[in-house]
Amino acid sequence: INAEYGETGIIKPGMIGCFGPTGLTTEVKSVEMHQESMPEAVHGDNVGFNIKHVSVKEIKRGVVASDAKIDPAKEALTFEAQDFIKHHPGKISAGYTAVVVCVTSLIA
């Protein structure tokens, strides 16, 4: 069982999942929350899901699950971001390096 926190979209049994950035695809056998089967999981749900013919070693932290038929996840060569500093205890000056947290990645 792989664990997932749903950021967007839906995951449900029978769908073909795509796991990015590798492009690995397989069928989702079941979706569970607290060892109880669910018909689907939506954004905000912490769930586990069973998938066919995939080793636990092939799904690593940071892999993104998506629907293979509707805009499957893939690697981004570049991206743009807009950062907002809500609170900083000191003075920000030249040479300051921000730490950006992207869901499961820590980038410094």
Side-chain angles (χ1 to χ4, degrees):
I1 293 180
N2 295 287
E4 175 185 319
Y5 173 77
E7 289 288 334
T8 61
I10 296 171
I11 187 167
K12 55 187 172 184
M15 73 182 283
I16 303 300
C18 178
F19 299 89
T22 63
L24 175 72
T25 58
T26 189
E27 182 181 348
V28 177
K29 293 194 302 185
S30 66
V31 178
E32 302 173 3
M33 184 184 293
H34 306 294
Q35 289 84 35
E36 289 189 25
S37 183
M38 298 181 63
E40 68 180 26
V42 297
H43 66 278
D45 288 343
N46 277 311
V47 297
F49 55 93
N50 290 304
I51 51 179
K52 289 186 174 184
H53 312 297
V54 177
S55 166
V56 174
K57 294 178 183 178
E58 293 179 83
I59 306 293
K60 297 179 179 169
R61 183 179 178 157
V63 169
V64 177
S66 61
D67 189 333
K69 296 179 182 177
I70 304 171
D71 195 21
K74 53 189 169 280
E75 182 178 9
L77 298 177
T78 63
F79 69 93
E80 292 184 20
Q82 188 172 18
D83 296 332
F84 295 95
I85 299 171
K86 291 183 178 183
H87 171 73
H88 193 280
K91 183 178 179 183
I92 298 174
S93 58
Y96 173 77
T97 302
V99 175
V100 180
V101 178
C102 299
V103 184
T104 59
S105 300
L106 179 63
I107 303 160

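Numbering starts at 1 and runs along the sequence shown.
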- prompt: Is T26 reaching over with its side chain to a backbone N or O of K52, donor-acceptor style, under 3.5 angstrom?
  reply: yes
- prompt: Any side-chain heavy atom of M15 within less than 4.5 Å of one from P13?
  reply: no
message: Are there over 12 heavy-atom neighbours, none belonging to H88, within less than 6.0 Å of that residue's NE2?
response: yes
- prompt: Do V54 and V64 share a hydrophobic cluster (ILVMFWY, side-chain heavy atoms under 4.5 Å, transitive)?
  reply: no
Heavy-atom closest pair, residues C18 and P72: SG-CB, 3.7 Å
- prompt: Heavy-atom count around I92 CD1 within 6.0 Å, excluding the residue itself: above 12?
  reply: yes
message: Are the side chains of V63 and L24 in contact, using a 4.5 Å heavy-atom criterion?
response: no
field: Side-chain heavy-atom pair D45, E40 within 4.5 angstrom cut-off
entry: no
message: Using the rule given for side chain to side chain contact (heavy atoms under 4.5 Å, CB included), can you reason through T22 versus E58, listing the C-alpha separation, both sets of side-chain angles and the distance that settles it, and then say yes or no?
response: CA-CA 9 Å; T22 63; E58 293 179 83; over 6 Å; no
- prompt: Ignoring hydrogens and geometry, is there a side-chain-to-backbone donor-acceptor pair from E36 to M33 under 3.5 Å?
  reply: no
message: If hydrophobic clusters are built from ILVMFWY residues whose side chains come within less than 4.5 Å, do I51 and I16 share one?
response: no
message: Can you tell me how far apart NE2 (H53) and NZ (K29) are? Round to the nearest 0.5 Å.
response: 7.5 Å
- prompt: Quick one: does I11's side chain get under 4.5 Å of V28's, heavy atoms only?
  reply: yes
task: Could you tell me how the ring of F49 sits relative to the ring of F19: parallel (under 30°), tilted (30 to 60°) or perpendicular (over 60°)?
output: parallel
